[in-house]
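What follows is one structure encoded as structure tokens, with my remarks underneath.
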Amino acid sequence: MSNSEQKRVQSLNLPPDKVMHKLVSLAKRRGFIFPSSEIYEGLSSCFDYGPLGSELKRNIKDLWWNSMTRRHHNIVGIDASIMMNPRVWEASGHVSSFNDPMIDDKTTKRRYRADHLIENHIEKLRREGKEEDLLRVQTAYEAAAGATDSNRALYEMIMAEGIKAQDTGSGDWTEVRQFNLMFQCNMGAVADTSSIVYLRPETAQGIFVNFHNVRESSRMKVPFGIAQIGKAFRNEIVKGNFIFRMVEFEQMEMQFFVKPGTQAEAFEAWREERFNWYTSSLGISREKLHWYRHDKLAHYADLAYDIKFEFPFGIEEIEGIHSRTDFDLKQHQEFSGKNMEYIDQLTNERYLPYVVETSAGCDRLFLALLADAYTEDAVDGEERVVLRLSPKVAPVKAAVLPLMKKGGMGEAAAKLHDELSTDFLVQYDDAGSIGKRYRRQDEIGTPFCITVDHQSLEEHTVTVRYRDSALQERIDLSRVKEFLASKLV
Ligand code: GAP
């Protein structure tokens with residue numbers, strides 16, 4: 001790097017339990033995420049994305065969309081309706097099986113997931129090294145979860161073990177009841193049962209019901225995929241951890257239709273591709289990503305893996321990769337009475353395709369990116385907060401800063417800003433010292449600061465400051481656009 005000054009960047013120690021608090025505060029202060037309807041005290045688990053947040057989210061979605069559709073000749077996208085005929089959800093199993101076992105505390109009036117209470121209890125026994133109790137409780141839990149009346153069995157176990165709520169210490173329990181996670185609303189003027197519609201709890205069903213529409217209109221042949229980004233809704237009872245678990249969230253899902261018998265191969269290929277996407281496209285640290293294989297499978301799957309991320313509050317799922325068999329197409333064939341089979345034009349074989357699904361949560365990924373990027377360090381002894389986001393996802397790609405507003409530098413910087421704005425989201429800032437302006441950009445993850453100084457006016461050059469190293473180099477004014485473009489591929 002030419003004309004570079006040596007800078008000493010020293011990372012500061014940041015305890016994981018402090019990171020979430022700092023992230024939530026930064027997200028609000030700098031316009032990434034606000035609590036929803038905040039002036040009315042907000043609404044639990046609902047959030048609004050601010051100016052920078054909506055840019056960052058858009059970048060995540062664009063990167064996903066391009067890597068899933070544009071880079072695959074045999075994957076096309078759709079944008080299906082959120083509300084669908086309620087029979088869809090009977091066919092998919094969501095009306096009967098999309099339930100969580102809930103238990104209420106009569107004293108504190110709080111509601112909990114019964115299985116989570118037991119799992120937390122098991123975790124506590126493990127931490128305390130009570131091996132004998134651990135084995136006994138684990139065995140009893142497996143039996144209770146598989147019992148014909150599992151609600152009763154879970155309740156009896158909670159009572160027998162004297163399990164209390166971790167947050168309140170209270171344990172004045174009701175019976176365990178199944179609670180369906182789908183939001184219901186009424187369509188039309190009369191609120192009777194015939195007008196019940198659901199807000200979709202996953203985007204996948206919009207893809208399954210359009211299998212033939214997409215195949216025929218796009219002349220797709222198996223194997224092929226359909227991708228979709230859209231909102232999903234779940235009446236989650238267990239909340240918390242900022243945007244990790246929301247009631248309204250966005251999914252990025254792709255259903256890949258294959259010939260029965262070839263699903264294992266497709267599953268492995270997608271597993272690899274999806275895992276690599278996190279590091280190559282989003283720049284997430286490899287060592288914070290983990291695989292988890294499901295033992296307890298959802299009603300539609302015969303094999304399932306999660307990609308998990310090391311959040312400051314624990315290792316949690318960001319994407320599921322599921323081998324969904326022919327469950328959904330078969331169910332829709334039965335419930336709609338329409339033939340969902342595929343006919344291979346070459347061999348005349350008819351079959352219901354099997355499906356490999358990749359299902360990522362955009363909001364969780366957003367949080368993973370922030371958590372991965374958040375750093376505190378000191379540049380030549382001066383402390384700063386830096387979001388080390390990859391240039392591809394960073395909301396603002398560059399800031400254009402006149403060293404001083406006067407002497408023609410302000411005008412030259414404004415002109416450069418306007419030229420760059422046609423291709424990139426760039427900010428112009430002339431308020432405060434140059435050091436303060438750098439810090440403002442570091443904190444929102446802007447990878448480059450371009451400074452227009454006295455020399456710029458004489459030589460038609462600018463300095464480019466790199467966010468992470470704080471090093472600077474001087475480049476020709478005419479090369480700035482090309483420089484930024486080269487950093488975004
Ligand atoms: N179609 C399959 C499906 O919906 P899932 O594992 O239930 O599978 C997929 O959800 C992804 O959606 C999860 O990995 C997660 O990233 C995201 N997700 C699920 N529930 C969520 C919630 N309440 N808040 C935010 N994201 C959620």
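For clarity, every value in this text was computed on a predicted model and none was experimentally measured. What's counted below: heavy atoms across the whole structure, side chains too, no hydrogens, waters or symmetry copies. Both counts, for ligands and for their atoms, begin at 1 and track the order of listing.
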Pairs of nitrogen or oxygen atoms closer than 3.5 Å, one from Ile318 and one from ligand 1: do any exist?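 Looking only at distances, the answer is yes, because the N/O contact criterion of under 3.5 Å is met.
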To which protein heavy atom is [atom] closest, and what is the distance rounded to 0.1 Å?
atom	answer
atom 10 (O) of ligand 1	Gln251 NE2, 3.4 Å
atom 15 (C) of ligand 1	Arg364 NH1, 3.5 Å
atom 9 (C) of ligand 1	Ser359 OG, 3.0 Å
atom 25 (C) of ligand 1	Phe244 O, 3.3 Å
atom 18 (N) of ligand 1	Phe249 CE1, 3.5 Å
atom 17 (C) of ligand 1	Gly361 CA, 3.7 Å

Go through Tyr292 and His290 one step at a time and tell me if the ring pair (Phe, Tyr, Trp, His ring centres under 6.0 Å) criterion holds. CA-CA 7 Å; Tyr292 169 78; His290 302 269; over 10 Å; no
Output, in order, the C-alpha distance, side-chain angles, deciding distance and verdict of side chain to side chain contact (heavy atoms under 4.5 Å, CB included) for Phe179 and Asn99. CA-CA 5 Å; Phe179 180 85; Asn99 299 318; over 6 Å; no
Gln228 and Glu253: side-chain donor and acceptor closer than 3.5 Å?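 Distance-only check fails for Gln228 and Glu253.
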Evaluate whether atom CD of Glu128 has more than 12 neighbouring non-hydrogen atoms of other residues, nucleotides or ligands under 6.0 angstrom away.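 Above 12, so yes.
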For Lys308, I'd like to know if atom NZ has over 12 heavy atoms of other residues, nucleotides or ligands within 6.0 Å.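 It does: Lys308 NZ has more than 12 such atoms within range.
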Heavy-atom distances under 4.0 Å decide this one: backbone, side chain, both or neither, for Arg324 against ligand 1?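 Just the side chain.
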Just to be sure I read this right, does ligand 1 sit under 4.0 Å from the backbone of Thr203, its side chain, both, or neither, counting only heavy atoms?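 The answer is neither; Thr203 stays 4.0 Å or more away.
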Taking the minimum heavy-atom distance to atom 5 (P) of ligand 1, which of Arg234, Arg245, Glu202 ranks first?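 Shortest heavy-atom distance from atom 5 (P) of ligand 1: Arg234.
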Quick test of your reading of the structure: of Glu319, Met246, Glu317, whose heavy atom lies closest to atom 13 (C) of ligand 1?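 Of the listed residues, Glu317 has the closest heavy atom.
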Mind checking whether His322 has a heavy atom under 4.0 Å from ligand 1?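 In this structure, His322 qualifies as a contact of ligand 1 - some heavy atom is under 4.0 Å.
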Scan Phe244, Phe34, Phe366, Phe242 and name whichever one has a ring-ring contact (aromatic ring centres under 6.0 Å, His included) with Phe47.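 Single ring-ring contact (aromatic ring centres under 6.0 Å, His included) partner of Phe47 among Phe244, Phe34, Phe366, Phe242: Phe242.
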Could you tell me, atom by atom, which parts of ligand 1 come under 4.0 Å of a heavy atom of Glu357?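 Near Glu357, the atoms of ligand 1 are 1 (N), 2 (C).
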I need the atoms of ligand 1 closer than 4.0 Å to a non-hydrogen atom of Glu253, numbered in the order shown.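 Result: 1 (N), 2 (C), 3 (C), 4 (O).
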Decide whether a cation-pi geometry holds between Lys57 and Tyr49; the criteria are a distance under 6.0 Å from NZ or CZ to the six-membered ring centre and an angle within 45° of the ring axis.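 Yes, Lys57 sits over the ring of Tyr49.
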